[in-house]
Amino acid sequence: MKITVTGGKGGTGKSTVATNLALTLAKKYHVVLVDADVECPNDHILLSTKLENEEIVKLFKPKFDYSKCTKCGVCIEECAENALLKFKEGYPFLMPTLCSGCRTCQLVCPEEGAILDDYRIVGYTYYTKLSENLELVTGKLENGEERSYPTVLAARRRALGIKADIHLFDTMPGTGNHVAAAIEDSKVVIAVTEPTPLGLHDLEMILKLLNKLNLKAWVVVNRSDLSDISHDSIVEKYGGEIIAEIPMSDEILKSYVEGVPVVVKYPESKPSKIFESIAKRIEEVISWT
Ligand code: SF4
Ligand code: SF4
């Protein structure tokens, strides 16, 4: 079963929810936690473990053989990303960071062998075994790389290649296709938010995306006692459900400082009980499917 933890904005505690939930579920199920927040993966830090078993994520880029190029310019015209410029002499020249790797240039080029295969590194995936019941797959973008989608897909592919009861995805912030790629096929989507105007605004964005994908959101309000701002009407409007409110607590703060997840360090604390209650809701879904 696929579960996704997401949130419109960064810094809401999405990774804290994902890691603590993964640890709680791993008491009973075989869980693969997938850190798909490829711009800033931090689940391994919260779990005090290392990124291991690196695999490179590569993307096609064209390599020109100018001895075969007739300077017709078709590739430049057809590149939807405007990644090809014309040299003064008339030859195409690639701006690698703009290239999506779509291969259109190669397909439309009338001269055989004028555009050859080359690749650039856009990211990495990692695999770390934490215990018999908990494995972590992480996606990480190459420094300076802007295209996150291929790395999210590679992490997703690597994780889904591992047989498990639960694949728990921790997405990037936002509502772009990199988030949709992680959310796709989820049985349960947990949207983490906080009671701030920005939190409310971004929650609405993610609820709209989930509506489009025909998915119901379970909303977790983190730092719920930070203000009186209510999420009720917005959650109701999009047919979601607030399943938990996590107040600020000393135990969570101390667990951050000590680098040990709260469900491990303070299993009897209120936040740990809340994670157990979310895990129970997930168990109910598992029992129906
Ligand atoms: S692979 Fe696609 S994006 Fe890259 S240069 Fe060719 S047409 Fe443009
Ligand atoms: S389409 Fe082929 S032949 Fe034409 S400019 Fe591009 S590389 Fe050269």
Side-chain angles (χ1 to χ4, degrees), residues 4 6 8-10 34-41 51 53-127 137-161 169-186 202 205-206 208-210 212-213:
T4 302
T6 188
K9 76 188 265 298
V34 192
D35 194 349
D37 190 353
V38 300
E39 275 180 7
C40 188
L51 296 179
N53 303 298
E54 181 179 281
E55 284 181 7
I56 289 169
V57 183
K58 293 188 295 186
L59 200 59
F60 165 83
K61 71 171 183 178
K63 184 177 172 188
F64 297 99
D65 180 347
Y66 292 134
S67 69
K68 295 191 175 143
C69 173
T70 57
K71 308 182 198 176
C72 70
V74 173
C75 56
I76 300 171
E77 284 161 27
E78 295 298 325
C79 175
E81 304 288 337
N82 294 319
L84 296 174
L85 300 177
K86 198 176 232 177
F87 268 143
K88 235 197 282 174
E89 304 83 19
Y91 291 113
F93 172 75
L94 177 72
M95 310 281 284
T97 53
L98 297 180
C99 177
S100 67
C102 68
R103 283 185 189 265
T104 301
C105 50
Q106 198 179 49
L107 292 170
V108 298
C109 176
E111 302 303 323
E112 206 182 322
I115 301 184
L116 304 167
D117 282 15
D118 197 3
Y119 295 91
R120 68 188 172 102
I121 295 173
V122 291
Y124 307 87
T125 64
Y126 301 87
Y127 166 80
V137 171
T138 304
K140 189 167 180 273
L141 217 53
E142 168 76 329
N143 290 337
E145 178 57 50
E146 287 174 9
R147 289 185 187 275
S148 52
Y149 192 63
T151 305
V152 171
L153 281 187
R156 178 190 152 106
R157 227 182 349 254
R158 193 168 182 184
L160 294 180
F169 281 71
D170 178 7
T171 75
M172 287 173 72
T175 53
N177 58 2
H178 46 272
V179 175
I183 287 177
E184 206 183 25
D185 306 328
S186 294
D202 287 355
M205 306 272 284
I206 199 83
K208 273 186 190 168
L209 171 70
L210 294 177
K212 267 193 194 160
L213 297 171

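Indexing begins at 1, ligand by ligand and atom by atom, following the structure's order.
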What atoms in ligand 2 come closer than 4.0 Å to a heavy atom of [X]?
| X | result |
| --- | --- |
| Gly73 | 4 (Fe), 5 (S) |
| Glu111 | 3 (S) |
| Ile115 | 7 (S) |
| Cys69 | 3 (S), 5 (S), 7 (S), 8 (Fe) |

Students should be able to answer this: which protein heavy-atom is nearest to [atom], and at what distance?
| atom | answer |
| --- | --- |
| atom 2 (Fe) of ligand 1 | Cys102 SG, 2.3 Å |
| atom 1 (S) of ligand 1 | Arg103 N, 3.2 Å |
| atom 8 (Fe) of ligand 1 | Cys79 SG, 2.4 Å |
| atom 3 (S) of ligand 1 | Ser100 N, 3.3 Å |
| atom 6 (Fe) of ligand 2 | Cys75 SG, 2.4 Å |

Next item on the list: State whether a side-chain donor-acceptor pair under 3.5 Å links Glu142 with Tyr124.
Entry: yes
Using a strict threshold of under 4.0 Å (side-chain N to carboxylate O), is an ion pair present between [Y] and [X]?
| X | Y | value |
| --- | --- | --- |
| Arg120 | Glu145 | yes |
| Arg158 | Glu55 | yes |
| Arg103 | Asp117 | yes |
| Asp118 | Lys58 | no |

Next item on the list: Taking atom CD of Glu89 as the centre, report whether more than 12 heavy atoms of other residues, nucleotides or ligands fall under 6.0 Å from it.
Entry: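 Enclosed: over 12 neighbouring heavy atoms sit under 6.0 Å from CD of Glu89.
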Notebook entry, point to check: Are more than 12 heavy atoms from other residues, nucleotides or ligands located less than 6.0 Å from atom NZ of Lys63?
Noted result: no
Notebook entry, point to check: Looking at atom 2 (Fe) of ligand 1, is one of the N, O or S atoms of Cys99 less than 2.8 Å from it?
Noted result: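 Of the N, O and S atoms in Cys99, none lies under 2.8 Å from atom 2 (Fe) of ligand 1, which means no.
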Notebook entry, point to check: Do Pro62 and Leu94 come close enough that some side-chain heavy atom pair is under 4.5 Å?
Noted result: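 Yes. Closest side-chain heavy atoms under 4.5 Å.
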Check: Side chains of Lys86 and Pro92: closer than 4.5 Å at any heavy-atom pair?
Finding: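 In short, these two side chains do not touch, never coming nearer than 4.5 Å.
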Next item on the list: Report yes or no: does Cys72 have an N/O/S atom closer than 2.8 Å to atom 4 (Fe) of ligand 2?
Entry: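 Given the 2.8 Å cut-off, Cys72 counts as a ligand of atom 4 (Fe) of ligand 2.
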Checklist line | Cys105 N/O/S atom closer than 2.8 Å to atom 6 (Fe) of ligand 2 | finding: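 For Cys105, the answer is no, given that no N, O or S atom comes within less than 2.8 Å of atom 6 (Fe) of ligand 2.
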Check: What are the atoms of ligand 1, with element, lying closer than 4.0 Å to any heavy atom of Leu94?
Finding: 5 (S)
